[in-house]
Amino acid sequence: MPTTFDVAIIGYGPTGATLAAMLGMRGLQVALFDKFREIYPKPRAVAMDHEAMRVLQRIGVAESVAAKSRDYPSTVYIGAEGSVIQEIVPMPAPHPLSWPPASTFDQPSFEASLRARVDADKNIKVFLEHEVFETTEAPDRIDLAVRTSLGITHRVAAKFVVACDGAQSPTRRRAGLSMESLQFEESWLVVDAIVNDDHIDNLPATNVQYCDPRRPSTYVVCPGRHRRWEFKVMPGEHFEEPIPIDHLYRLLDRWLSPANSEIWRAAAYQFKAVVAERWRHGRIFLAGDAAHQMPPFLGQGMCQGIRDAANLEWKLARVLHSQSSDKLLDTYQVERKAHVTEVTQVVVKLGSVIGELQIEKARARDKSILAEQGGTVKPKVRQSLIPGISGGQLLHGSQGSGQWFPQPFVSHDGRLVRADELTGPRAMLVCSVAPEGQMARELLALLKEVGGVVVALGVDPSKALEGVLHLQESEQMLSNWFAKHESAVALVRPDHYVYGTAREIGQAANLVRAFLDGLQCPTLAQEKTP
């Protein structure tokens, strides 16, 4: 392995492992550090969404994760008087990314799959029981001082460092990067239980938010016999771990007893809403919990870390392969901070609904929520609460810009496959009408600048132009997408977000040129030099 790595990642949790796997696939040399050896054996995150699954599909672990997951059911909100005041439902089929829009999963087995994937990549060197205790920036690299569990110290160099080292992030603190409060901090108790087979059907089949001022609480349906409860810590209460089992069962009394269940894990948490003021310090970047924390009321915490990894990795790869200038990396904070902040604000609003402790305010809340729905509960689709990205490397004002691009099932060699299996993690110019002749040749030449691909929909293979990838979708998902956005062409970034669209196929070349300009492509800049 090299003495200087391309990227050093500090923290071997889901964000760090996912980022390492993606960078390794791009041929970059990665060092991955964690001060612990073993995977934490109990669940922390339990929710996954389809954007995260699409990323995991790319690195080859989605199927193993899906095998131990279950689709996320509806979430009902029960008000102060015991009636339903709100419902959040799953996105209906057909699923736009070809994965369930949301699911619950088993984190220990998920992390084991990630580690097996990382271990199989010769481009990644893993340093377990290694603590990074100092980072020193030089003009062309970062020097990391590392201490092993035996107290031996040594140094490693990397061109860039990504801190995925958790909410307390020593790397963030050393870099002097502060956190901004989004005005939410509450104490909650999280309890995971394994329920006996003969009792599991006595529990709710949906997720439930009990918006009861006497004890706000949450119930989550997890895979198999695993169920999770979250209880707001009431004024005057204080919990120190380990929390006595008899106290936990007093909280769980309406659902469980020691005779029909076993406590798997119980932990007291401060549910916080914070985001890093800056996500970059020179050659150091923050990702995952090191960059943001949000309450769990929408199941987005870990998903946001995986989005961070997907946003940053292709930009790092372009810069390290001398395909773009360092300025491209500044769009990471622009895009991710705004998105995380907006999602967190949605979560905080949900938390304020759930956690009200004053009975009269809770009753007024219930009436207000129902009034906003016209007097009866009107279900909201969960994914509609999660926005696209804005700012950064996007064609602003363009239809669909900043949204994720669908991933349908397509026909290939007589079978149905997910489209990304054919297109890969690269820029795509997707055309609803196939380009021909000189236009096609021009587009292929332009996309070559970014290692991209020209994609055409529903074209007779006998008329296929060499170099153009033709997709025959099994449903009309992409055709409907183009119709909805009144577009004929979409430029899709390597992270599957839409850069921009054009109404006419004749505008496709200008769309690609605008994308190249935004990437600050060195070869393009040289062509423009007089």
Side-chain angles (χ1 to χ4, degrees), residues 1-24 28-40 44 111 114-115 117-119 121-179 274 276-293 302 305-306 308-309 311-313 315-317 319-320 326 329 332-333 336:
M1 298 297 288
T3 54
T4 299
F5 292 87
D6 291 312
V7 181
I9 299 171
I10 305 172
Y12 199 2
T15 300
T18 302
L19 177 60
M22 289 191 288
L23 292 171
L28 296 171
Q29 302 300 304
V30 180
L32 183 52
F33 298 92
D34 200 281
K35 63 181 179 180
F36 300 110
R37 171 165 292 277
E38 304 297 335
I39 295 168
Y40 185 69
R44 287 174 291 193
E111 291 200 43
L114 282 176
R115 290 197 175 194
R117 171 64 183 79
V118 167
D119 289 343
D121 193 323
K122 295 181 180 179
N123 292 325
I124 306 171
K125 175 67 173 177
V126 178
F127 297 87
L128 297 176
E129 296 183 293
H130 281 65
E131 182 177 6
V132 177
F133 65 89
E134 182 180 279
T135 51
T136 306
E137 185 158 353
D140 60 346
R141 68 184 190 280
I142 296 280
D143 292 320
L144 298 89
V146 185
R147 182 185 299 112
T148 72
S149 60
L150 299 176
I152 301 169
T153 62
H154 59 96
R155 290 188 173 271
V156 174
K159 295 172 186 175
F160 293 99
V161 170
V162 184
C164 306
D165 49 350
Q168 301 306 314
S169 184
T171 311
R172 183 188 68 225
R173 294 173 185 271
R174 283 193 298 269
L177 301 176
S178 59
M179 304 295 280
V274 293
E277 181 180 358
R278 291 185 295 127
W279 293 42
R280 180 182 187 183
H281 178 76
R283 292 177 172 270
I284 297 174
F285 296 85
L286 306 180
D289 287 352
H292 46 78
Q293 296 115 59
M302 189 196 71
I306 292 177
D308 295 343
N311 187 291
L312 183 58
E313 66 84 21
K315 297 172 181 178
L316 281 171
V319 172
L320 287 164
D326 181 84
L329 297 174
Y332 170 62
Q333 173 179 316
R336 292 300 307 134

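Just so you know, residue 1 is the first one in the sequence shown, and it goes up from there.
Note: Phe5 CZ to Leu320 CG = 13.5 Å, rounded to the nearest 0.5 Å. Rounding to the nearest 0.5 Å places CZ of Arg336 at 4.5 Å from CG of Asp308. In this structure, the separation between CG on Leu19 and CG on Leu312 is 6.0 Å, given to the nearest 0.5 Å. The CG atom of Leu28 sits 11.5 Å away from atom CE of Met22, with the distance rounded to the nearest 0.5 Å. Taking OG from Ser149 and CD from Glu131, the interatomic distance works out to 10.5 Å, rounded to the nearest 0.5 Å. We find the CZ-CG distance between Arg115 and Leu32 to be 8.0 Å, quoted to the nearest 0.5 Å.
Taking the side chain as every heavy atom from C-beta outward, Val319 and Phe160 approach each other to under 4.5 Å. Under the 4.5 Å side-chain criterion, counting only non-hydrogen atoms from C-beta, Arg172 is not in contact with His281. The closest side-chain heavy-atom distance from Tyr332 to Arg280 is not below 4.5 Å. Using a 4.5 Å cut-off on side-chain heavy atoms (C-beta onward), Asp6 and Leu23 make no contact. Between His130 and Val132, every side-chain heavy-atom pair lies at or beyond the 4.5 Å cut-off. Annotation: side chain of Ile10 is in contact with side chain of Leu144 (closest heavy-atom distance under 4.5 Å). Counting heavy atoms from C-beta outward, Val7 and Val162 have side chains that approach closer than 4.5 Å.
Listed for the Gln293 side chain is a donor-acceptor partner under 3.5 Å among the backbone atoms of Asp289. A donor-acceptor contact shorter than 3.5 Å links the side chain of Gln333 to the backbone of Trp279. Remark: side-chain polar atoms of Arg283 are paired, donor with acceptor, to backbone N or O of Lys159 under 3.5 angstrom. Side chain of Asp34 to backbone of Gly11: no donor-acceptor contact under 3.5 angstrom is found.
When only modelled atom types and interatomic distance are considered, Asn123 and Gln29 share a side-chain donor-acceptor pair under 3.5 Å. With no hydrogens or angles considered, a side-chain donor-acceptor pair links Thr171 and Asp165 at under 3.5 Å.
In terms of heavy-atom proximity, Val30 sits nearest to Ala20 at CG1-CB, 4.1 Å. Here the closest non-hydrogen pair linking Ile9 and Cys164 is CG2-SG, 4.0 Å. The nearest pair of heavy atoms linking Ala287 to Thr15 is CB-CG2, 4.0 Å. Between Tyr12 and Glu111, the shortest heavy-atom distance links the atoms O-OE1, 4.0 Å. Across every non-hydrogen atom of Ala291 and Leu286, the tightest pair is CB-CB, 3.8 Å. Listed here is the closest heavy atom pair of Arg141 and Ala157: CD-CB, 3.9 Å.
Seen from the ring of Phe33, Lys35 does not count as a face-on cation partner, given the 6.0 Å and 45° thresholds.
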Problem - Test log, rule side-chain contact (heavy atoms from CB on, under 4.5 Å), inputs Phe36 and Glu129 - result: CA-CA 5 Å; Phe36 300 110; Glu129 296 183 293; over 6 Å; no
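A salt bridge does not link Asp143 to Arg155: none of the charged nitrogens lies less than 4.0 Å from a carboxylate oxygen. Contact check on Asp119 versus Arg117 returns no salt bridge, with no Lys/Arg side-chain nitrogen under 4.0 Å from an Asp/Glu carboxylate oxygen.
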